[in-house]
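It should be emphasised that the depicted structure is a prediction, and the values quoted were computed from it without experimental measurement. Just so we're on the same page: letters track the sequence lines, and every chain starts at 1.
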There are 2 protein chains.
Amino acid sequence: MSSNAELKKAGLKTTLPRLKILSMLESTNIRHMTAEDVYKSLLDSGEEIGLATVYRVLTQFENAGLVIRHNFEGGRSVFELNDEGHHDHLVCMECGEVFEFYDKAIEERQRKVAEESGFVLDNHSLYMYGVCEGMRNNGKCSINKKKLSSVLNTSKR
Amino acid sequence: MSSNAELKKAGLKTTLPRLKILSMLESTNIRHMTAEDVYKSLLDSGEEIGLATVYRVLTQFENAGLVIRHNFEGGRSVFELNDEGHHDHLVCMECGEVFEFYDKAIEERQRKVAEESGFVLDNHSLYMYGVCEGMRNNGKCSINKKKLSSVLNTSKR
DNA sequence: ACGTTAGTGACAATTATTAGCAATAAACAA
DNA sequence: TTGTTTATTGCTAATAATTGTCACTAACGT
Ligand SMILES: [Mn+2]
Ligand SMILES: [Mn+2]
Ligand SMILES: [Zn+2]
Ligand SMILES: [Zn+2]
């Protein structure tokens with residue numbers, strides 16, 4: 001489906017900034033970005049969009065279900081396109097690499113726990129932090145460090 | 001063990017502010033508090049401690065393993081005493097109530113997933129968000145709302 | 001008690017994010 | 001198309017949470 005149609009389906013007027021942000025998210029090879037990452041990425045490709053607009057649009061996308069917002073350690077929000085189904089995250093504290101996974105057993109147990117506690121679940125986040133194989137073995141990760149910097153918390157950047 | 005000894009064991013000089021914060025955390029019936037909650041709670045009991053000191057001390061406690069920092073939805077850090085063992089959290093988005101749970105199966109699957117991905121795990125956080133039974137049934141929760149306000153994100157307060 | 005050094009308190013500075021508002025640009029009917 | 005309406009944008013200013021600075025104190029060891 002075209003970005004244009006995606007926006008329409010989400011009930012959002014198809015404006016230039018929204019189109020640019022959405023198609024950037026769809027074409028980038030970095031799945032998890034902060035608002036500022038998005039802003040800079042657009043700047044790099046010659047698109048001038050105000051930072052405030054980026055924040056606004058990302059929040060609108062979140063409410064529309066187009067993107068997912070994450071609160072990894074470190075405080076700032078990280079966004080990813082909501083294209084694949086639900087999954088959870090493994091974050092390397094050394095290089096910032098993010099591995100995604102889905103574990104049926106975990107999801108089922110979560111439902112069970114919520115049910116037993118009388119909760120009606122809306123959503124959940126499971127973040128696991130550690131050190132990836134690459135960083136342990138040869139101190140270098142398979143993916144571009146610089147680009148992923150935003151996932152690491154401030155003290156480590 | 002006395003708060004005094006706890007600090008010593010953690011390698012922290014036993015100062016008045018640290019003692020007050022630690023013993024407050026040990027005696028309060030609110031397990032999850034923001035830095036400002038801690039600050040105000042101390043003020044209420046007549047203890048004057050600078051907010052910056054509260055932030056500093058909580059971070060020191062975190063590094064020493066005395067407290068755990070949480071990043072629930074909404075952005076701000078929430079702290080709890082690291083006295084019981086590890087557990088995960090169910091947060092009610094209506095009233096802010098926090099339920100704690102521990103699920104062996106989930107923990108085991110997490111270890112498995114990490115291992116398979118080549119990660120050496122350091123820690124993890126599993127937060128589930130929903131609506132608790134009390135809020136669904138009669139719109140009122142079993143615990144003091146005002147005191148828990150800090151757990152809810154800004155837009156809902 | 002005394003001196004050394006880490007810790008504190010008040011306040012300034014940052015960082016991430018949001019609010020306000022005049023200028024634009026979609027949508028849509030004429 | 002063109003004009004009208006109204007949402008959206010791009011500044012910039014404002015907040016909220018947290019951290020940095022630095023002179024003043026208070027622990028700790030002697
Ligand atoms: Mn993801
Ligand atoms: Mn807890
Ligand atoms: Zn999950
Ligand atoms: Zn757990």
Atom CD of A:E47 and atom C1' of D:dG10 are separated, to the nearest Å, by 15 Å
Considering only heavy side-chain atoms of B:Y55, the closest of C:dT8, D:dA17, D:dT9 is D:dA17
Atom pairs, N/O to N/O, protein against nucleotides 22-25 of chain D, distance under 3.5 Å?
none

* To do: Report the C-alpha distance between B:K20 and B:E48 in whole Å, list the side-chain angles of each, state the deciding distance to 0.1 Å, and finish with yes or no for side-chain contact (heavy atoms from CB on, under 4.5 Å).
  => CA-CA 10 Å; B:K20 284 173 184 167; B:E48 292 270 349; over 6 Å; no
Of C:dT8, D:dT18, D:dA27, the nucleotide closest to the side chain of B:L16 is D:dA27
Regarding the side chain of B:T14, the nearest nucleotide among D:dT12, D:dT18, D:dA27 is D:dA27
I want to check one thing: is the phosphate of C:dA26, taken as OP1 and OP2, less than 4.0 Å away from some side-chain N or O of A:T15? no
Among the nucleotides C:dT8, D:dT18, C:dA16, whichever has the atom closest to the side chain of B:V57 is C:dT8
B:L51 atom CG is separated from D:dT18 atom C1', nearest whole Å, by 9 Å
As a check of understanding: the bend across the helix from C:dA1-D:dT30 to C:dA30-D:dT1, end axes from five pairs, rounded to 10 degrees, works out to 40°
Collect all protein-nucleotide pairs involving nucleotides 4-6 of chain C in which both atoms are nitrogen or oxygen and the distance is under 3.5 Å.
| unit_1 | atom_1 | unit_2 | atom_2 | d |
| --- | --- | --- | --- | --- |
| C:dA6 | O4' | B:K13 | NZ | 3.3 |

Checklist line | Cluster overlap B:L66 with B:Y55, hydrophobic side-chain contacts below 4.5 Å | finding: yes
